[in-house]
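Note sheet for the following structure.
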Amino acid sequence: MTDDEIISLLRDLVETESPTGGPGVRTVAERMARELDSLGAQIRFEGDHVRAELPGNGAPLLLLGHTDTVWEEGTLKQMPFQIDDEIARGPGVYDMKGGLAILVAALHRAGPERRAMRVFLTADEEQGSRTGKPLLEEAAQGVAAAFVLEPALPSGGLKTARKGLGRFELEIRGRAAHSGTNSREGASAIEELARQVISLHALNDEGRGISVNVGVIEGGTWANVVAAEARAEIDVRITQAADVPRVELALSALQPSVAGTSLEWSGGWTRPPLERSEGAARLFAKAREHGLTLGLELGEGSSGGGSDGNLVGALGVPVLDGLGAVGGGAHALDEHVILASLGQRADLLARLLRDPGV
């Protein structure tokens, strides 16, 4: 598969808008299924998720990607696919349709010497792989390692660790009253929420890699009514699995301070942390070795965001992430990929598919 063919595939994928839950997700999945079928893969759809098996040598390697994006239908009108100064722009080009194009190209370039392959493309990764998780865990059974086609680090480096992610909701019940005539009879859920936001943000611990962010707040009905209800959505991220009970204990220890209010928690952990393992270190060492033969100086690092690699790594499978495109602007208006990176990353992955080091 030539570099021009990679770019052509990338254009087709980007110009098929595929927000999570939209019909375009299926269209992208079917296009990827055709590409994999042309390589001799056995294809199976599970809803809009795609699983493919390709024969080869040794225990299978698992390739992971996702077909959904965060961009709503109609985004292409304001943010069309375009190429300018060897940079491609468009919704989802970096996260992660560039990775999908690299995946297909690498399979072509790896040739008959490659390992047996299993490909799993999730349809709802951008919303935590809610329906994909059990199918993903099933696909991870018996594989020697997993390679994730999420975007590279800004420097082009690979990812051997990722933070775990929790999404929690705090609901506060108070007591309504007229704010002018009977305010003392009320119990403001909004006041209690304001105090809880300060307590929640105090849980941030940069040294341990714990981040807590209250990203959404709602409450009240009218300006002249003491608020009877308020709620907040909280994003929690951790670097180490050992911090799960630490954070849970800290959340459960929070108590209301405004008389007449109560707290109710819901939600939980959506992705465990992907901690750097010996297996991941071996995969990275082999990737770095292959990269040097291609003129690439690959570094490694971690990401504050989660991926399907977190879910697979929790099963004890060695995971190497960030093998997708080099660029930037994930989920942002300046989303882009460096075109030269597409062929380079395809060559790198092709070498890993022949000689992964495990």
Side-chain angles (χ1 to χ4, degrees), residues 1-3 5-7 9-10 13 32 35-36 38-41 50 52-67 93-122 139 143-153 155-160 279-280 282-301 307-309 312 317-327 337-358:
M1 193 174 193
T2 67
D3 286 3
E5 288 171 327
I6 300 175
I7 295 170
L9 174 58
L10 176 62
L13 294 173
M32 289 297 294
E35 296 289 339
L36 294 170
S38 72
L39 288 158
V50 180
E53 304 280 347
L54 292 95
N57 304 310
L61 302 172
L62 179 62
L63 292 179
L64 298 178
H66 62 88
T67 53
V93 68
Y94 178 64
D95 184 16
M96 62 163 289
K97 290 178 177 178
L100 296 181
I102 290 168
L103 185 157
V104 172
L107 287 170
H108 277 283
R109 296 182 180 189
E113 299 85 13
R114 64 166 170 75
R115 294 277 290 268
M117 299 302 310
R118 182 173 296 157
V119 179
F120 191 85
L121 305 179
T122 314
V143 301
F147 295 122
V148 187
L149 274 296
E150 290 282 357
L153 291 168
S155 63
L158 306 181
K159 302 169 185 177
T160 51
R282 288 194 297 272
L283 294 175
F284 172 73
K286 182 57 68 172
R288 178 169 172 77
E289 176 185 320
H290 290 314
L292 289 173
T293 67
L294 296 169
L296 301 174
E297 281 277 356
L298 294 173
E300 68 168 306
S307 80
D308 284 339
V312 172
V317 176
V319 173
L320 187 61
D321 204 332
L323 285 157
V326 180
V337 299
I338 299 171
L339 288 180
S341 75
L342 300 176
Q344 292 171 342
R345 307 295 274 200
D347 286 339
L348 173 65
L349 181 57
R351 289 170 182 259
L352 281 168
L353 299 185
R354 293 192 296 266
D355 179 21
V358 292

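Taken from CD1 in Ile102 to CG in Asp347, the straight-line distance is 10.5 Å, to the nearest 0.5 Å. Here CG of Leu149 is found 10.0 Å from CZ of Phe147. Values are rounded to the nearest 0.5 Å. A distance of 9.5 Å separates CD of Glu289 from CG of Leu352, quoted to the nearest 0.5 Å. Note that CZ of Arg118 is 4.0 Å distant from CD of Glu53, once rounded to the nearest 0.5 Å. Tyr94 contributes atom OH, which lies 9.0 Å from atom CD1 of Ile338 (distance to the nearest 0.5 angstrom). To the nearest 0.5 angstrom, Leu158 atom CG is 10.0 Å from Leu283 atom CG.
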> Given Met32 and Val119, is the side chain to side chain contact (heavy atoms under 4.5 Å, CB included) satisfied, shown in steps?
Replying inline: CA-CA 10 Å; Met32 289 297 294; Val119 179; over 6 Å; no
>> Let's go through Leu64 and Val319 carefully: what are the C-alpha distance in whole Å and the side-chain angles of both, what is the deciding distance for side chain to side chain contact (heavy atoms under 4.5 Å, CB included) to 0.1 Å, and is it a yes or a no?
In response: CA-CA 10 Å; Leu64 298 178; Val319 173; over 6 Å; no
> Yes or no on side chain to side chain contact (heavy atoms under 4.5 Å, CB included) for Glu297 and Leu292, after CA distance, side-chain angles and deciding distance?
Replying inline: CA-CA 6 Å; Glu297 281 277 356; Leu292 289 173; 3.8 Å; yes
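Residues Asp3 and Leu342 fail the side-chain proximity criterion, which asks for heavy atoms closer than 4.5 Å. At least one side-chain heavy atom of Thr160 sits less than 4.5 Å from a side-chain heavy atom of Leu320. The shortest side-chain heavy-atom distance between Val312 and Leu62 falls under the 4.5 Å cut-off. Using a 4.5 Å cut-off on side-chain heavy atoms (C-beta onward), His66 and Glu150 make contact. Within the 4.5 Å cutoff, no side-chain heavy atoms of Lys159 are placed close to those of Val148. Leu294 has its side chain within reach of Leu348: a pair of non-hydrogen atoms, C-beta onward, lies under 4.5 Å apart.
In this structure, His290 contributes its side chain and Asp355 its backbone to a donor-acceptor pair below 3.5 Å. At least one donor-acceptor pair under 3.5 Å links the side chain of Arg345 to the backbone N or O of Gly156. The closest donor-acceptor contact from the side chain of Arg109 to the backbone of Val104 lies at 3.5 Å or more, if one exists at all. Side-chain N or O atoms of Arg282 include none that pairs as donor or acceptor with a backbone N or O of Val358 at under 3.5 Å. Looking only at distances, no side-chain donor or acceptor of Arg115 sits under 3.5 Å from a matching main-chain atom of Gly56.
When each of Leu103, Leu323, Leu54, Leu36 is paired with Leu63, the side chain to side chain contact (heavy atoms under 4.5 Å, CB included) condition holds for Leu103 and for no other.
The shortest non-hydrogen separation linking Phe284 to Gly299 is CE1-O, 3.2 Å. Taking each heavy atom of Glu35 and Leu9 in turn, the nearest pair found is OE2-CD1, 3.9 Å. Closest of all the heavy-atom pairs between Ala144 and Ala59 is CB-CB, 4.1 Å. Of all non-hydrogen atoms in Arg114 and Pro55, the two that sit nearest each other are NH1-O, 2.8 Å. The two atoms that bring Ala106 and Ala350 nearest to each other are O-CB, 3.6 Å, heavy atoms only. The shortest non-hydrogen separation linking Leu353 to Ala110 is CB-CB, 4.2 Å.
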